[in-house]
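Letters go in sequence order (proteins before strands), and every chain restarts at 1. Reckoned from all heavy atoms, side chains included, excluding hydrogens, waters and symmetry mates.
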2 protein chains.
Amino acid sequence: MELTKIPTLPKFTGGESREERTLSREPLDKSAFKQVIRKMNLKVTDQRLLILSALHEGRTHVTAQEVYEIVSAKDPEIGFATVYRFLRTLTEHHFVTEVRMGGLPARYEMTPQSHHDHLTCVSCGKICEFENHEIEALQEKVASQFGFELTSHVLELYGVCPDCQKRKKAKASFGN
Amino acid sequence: MELTKIPTLPKFTGGESREERTLSREPLDKSAFKQVIRKMNLKVTDQRLLILSALHEGRTHVTAQEVYEIVSAKDPEIGFATVYRFLRTLTEHHFVTEVRMGGLPARYEMTPQSHHDHLTCVSCGKICEFENHEIEALQEKVASQFGFELTSHVLELYGVCPDCQKRKKAKASFGN
DNA sequence: CTATCAATGAAATTCATTTTCATTAAAGGG
DNA sequence: CCCTTTAATGAAAATGAATTTCATTGATAG
Ligand SMILES: [Mn+2]
Ligand SMILES: [Mn+2]
Ligand SMILES: [Zn+2]
Ligand SMILES: [Zn+2]
């Protein structure tokens with residue numbers, strides 16, 4: 001295996017092939033979103049409701065810009081400062097989780113009930129989610145060996161997905 | 001354990017307590033650095049030699065700005081574009097490794113002979129390095145379960161170091 | 001020594017994100 | 001419903017890291 005940290009990931013400009021998990025949860029009506037906002041002691045506004053529904057029904061691992069574009073379609077008046085601001089607030093209150101890959105713009109997803117980490121294709125940007133209790137336990141073990149009280153962790157795996165492996169083999173044999 | 005990704009780390013502005021591993025390797029004379037540069041098919045310049053020696057003898061996990069300040073002391077004429085450029089080149093050639101924590105500026109270290117990951121104190125910024133073969137093996141296992149060919153990974157643990165735990169307990173009992 | 005082409009540094013540029021600030025609007029009494 | 005009090009909003013400017021541009025300088029092969 002490689003020893004490198006960040007493989008200078010492609011910029012995944014369009015959401016082309018990044019359609020890994022489109023949320024199809026229970027529709028979760030507007031009043032549920034209001035509860036979320038009130039739990040943070042914030043005022044309920046249309047903008048915040050729009051942002052929450054974008055996060056809830058849209059695809060996961062969206063950037064702030066993507067969220068802005070989604071809500072802009074519904075309300076062209078909305079400002080991107082509002083989107084950034086509210087995403088930060090939601091993150092601070094742990095309602096959404098920020099995922100960062102290398103130096104790329106942050107991506108957001110509704111905080112999942114059960115923790116997971118990410119396996120990302122360096123070629124097409126596809127993101128798979130996984131959960132591995134053995135790894136989690138070993139992380140705790142490492143931290144305690146250093147006397148640390150573990151508060152969080154980032155585990156991101158990078159590789160080439162099956163599709164991209166095929167695509168590369170096809171291209172290689174064609175060039176021959 | 002927390003489920004959060006990045007705990008909005010403090011900015012570690014000064015290198016205050018971040019003195020985890022100061023390199024005291026064999027002095028590695030100038031001609032060794034020249035070899036490194038030539039191996040990349042680049043021209044040997046004073047600037048590049050300065051940057052390499054800063055990386056080699058200084059503390060590890062330095063930002064580009066920190067490297068710039070170190071080499072500026074020796075040669076005030078050097079431009080920060082040169083530092084950024086060469087750090088990128090060195091990273092691409094795997095002579096240095098880029099470490100990123102959340103949205104903070106990238107940090108660099110000479111690529112170690114044996115791979116390691118990082119355990120960072122969210123309170124003071126201290127960084128511990130560790131190596132855990134069980135975790136590495138499990139990562140491979142996860143990737144192969146998804147049919148991915150693993151190319152790299154990022155594992156960063158965040159927690160409170162023993163010193164900061166003490167400091168917090170002291171402060172807590174004082175406030176009482 | 002010279003010619004060639006890479007390397008440099010200053011300044012401008014990009015890009016994500018944050019901040020500022022004047023304006024608007026939510027919410028809790030009255 | 002109507003104030004009043006704040007918080008929220010959006011446009012624009014600011015920030016901060018990193019990159020690019022481009023005219024000038026310098027390394028090195030011959
Ligand atoms: Mn996820
Ligand atoms: Mn390290
Ligand atoms: Zn792929
Ligand atoms: Zn600490």
Side-chain heavy-atom pair B:T63, B:L104 within 4.5 angstrom cut-off = no
Would you say the side chain of B:I37 lies within less than 4.5 Å of the side chain of B:F86, judging by non-hydrogen atoms?
-> yes
Could you state the atom-to-atom distance from [atom1] of [X] to [atom2] of [N] in whole Å?
X      : N      : atom1 : atom2 : value
A:F86  : C:dT19 : CZ    : P     : 18 Å
B:Y68  : D:dT19 : OH    : P     : 16 Å
B:L104 : C:dA16 : CG    : P     : 18 Å
B:E77  : D:dT24 : CD    : C1'   : 14 Å
A:L50  : D:dT9  : CG    : P     : 11 Å
B:D46  : C:dT8  : CG    : P     : 10 Å
A:M40  : D:dA8  : CE    : P     : 10 Å
A:N41  : C:dA26 : CG    : P     : 18 Å

Could you give me the CA-CA distance, side-chain angles and deciding distance for A:R59 and A:E66, then say whether side chain to side chain contact (heavy atoms under 4.5 Å, CB included) is met?
-> CA-CA 10 Å; A:R59 50 185 63 83; A:E66 283 165 3; 5.7 Å; no
The residue, B:F80 or B:L42, whose nearest nucleotide of DNA chain D is more 5′ is B:F80
Taking for each residue the nucleotide of DNA chain D with the nearest heavy atom, is it A:V83 or B:K43 whose nucleotide lies nearer the 5' end?
-> A:V83
Compare side-chain N and O positions of [X] against OP1 and OP2 of [N] and report whether any pair is under 4.0 Å apart.
X     : N      : result
B:Y84 : D:dA18 : yes
B:R88 : D:dT20 : yes
A:Q47 : D:dG10 : yes
B:T45 : C:dA6  : no
A:T82 : D:dA8  : no
A:R38 : C:dA26 : no

Just compare D:dA18, D:dG10, C:dT17 and give me whichever is closest to any side-chain atom of A:A64.
-> C:dT17
Looking only at C:dA16, D:dA12, D:dT9, the nucleotide nearest the A:A81 side chain is D:dA12
Between A:E109 and A:H61, do the side chains contain an N or O donor and an N or O acceptor separated by less than 3.5 Å?
-> yes
When we call it a touch if two heavy atoms are under 4.0 Å apart, what does B:R85 touch: a base, just sugar-phosphate, or nothing?
-> base
Partner of A:H115 under side-chain hydrogen bond (donor to acceptor under 3.5 Å, both in side chains), chosen from A:H133, A:E136, A:E129, A:E131 = A:E136
